[in-house]
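Read through the structure below, which is laid out as structure tokens, and then see the notes.
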Amino acid sequence: AFVVSGDLNVRDDECEQICEKYELVDAGNARDFTWSPVQNAYHVHPGGVAVKSHRFDRILYQGACCVETFLVANAKIYRDGKPFCLSDHFGLCWCL
């Protein structure tokens, strides 16, 4: 089995092309946006314009394996009574 994971910064249509070219499978869930300016106000967007959420962080695999993914760090934590996100992306945890 072969697994590639991380912040790939590819949109769904780009990922489909990569998967087809290299015979990979996208293990992600279409509902799990890993970059969501609506849920994660890590960056301030000019004029408060809402930007579309994306699945930039992905787990792609090839071969005989079963991959399960989990979205992590997708809630704000608090420090000194102030909420903040650890990153502008939510993380992915995976297991084989």
What one should report as the nearest heavy-atom pair of W35 and F56 is CB-CD1, 3.6 Å
d(K52 NZ, F33 CZ) to nearest 0.5 Å is 7.0 Å
Exercise for review: Establish whether V25 and V3 are linked, either directly or via other cluster members, by ILVMFWY side-chain heavy-atom contacts under 4.5 Å.
Suggested key: yes
D7 meets the salt bridge (charged side-chain N to carboxylate O under 4.0 Å, His left out) criterion, sequence neighbours left out, with none
Is the shortest side-chain heavy-atom distance between I59 and L92 below 4.5 Å? yes
- Looking at side-chain heavy atoms only, is the closest gap between S5 and L60 below 4.5 Å? no
**Request:** Answer yes or no: is there a donor N or O on one side and an acceptor on the other, between the side chain of Q62 and the main chain of Y22, under 3.5 Å?
**Result:** yes
Compile the donor-acceptor pairs under 3.5 Å between side chains in residues 9-17 and protein atoms, sequence neighbours left out, one pair per line.
from	atom 1	to	atom 2	distance (Å)
D12	OD1	R55	NH1	3.4
D12	OD1	R58	NH2	2.8
E14	OE1	R11	N	2.7

Those residues at least two apart in sequence (or on a different chain) that pass ring pair (Phe, Tyr, Trp, His ring centres under 6.0 Å) with Y61 are none
With sequence neighbours left out, the residues meeting side chain to side chain donor-acceptor pair (under 3.5 Å) with S53 are S36
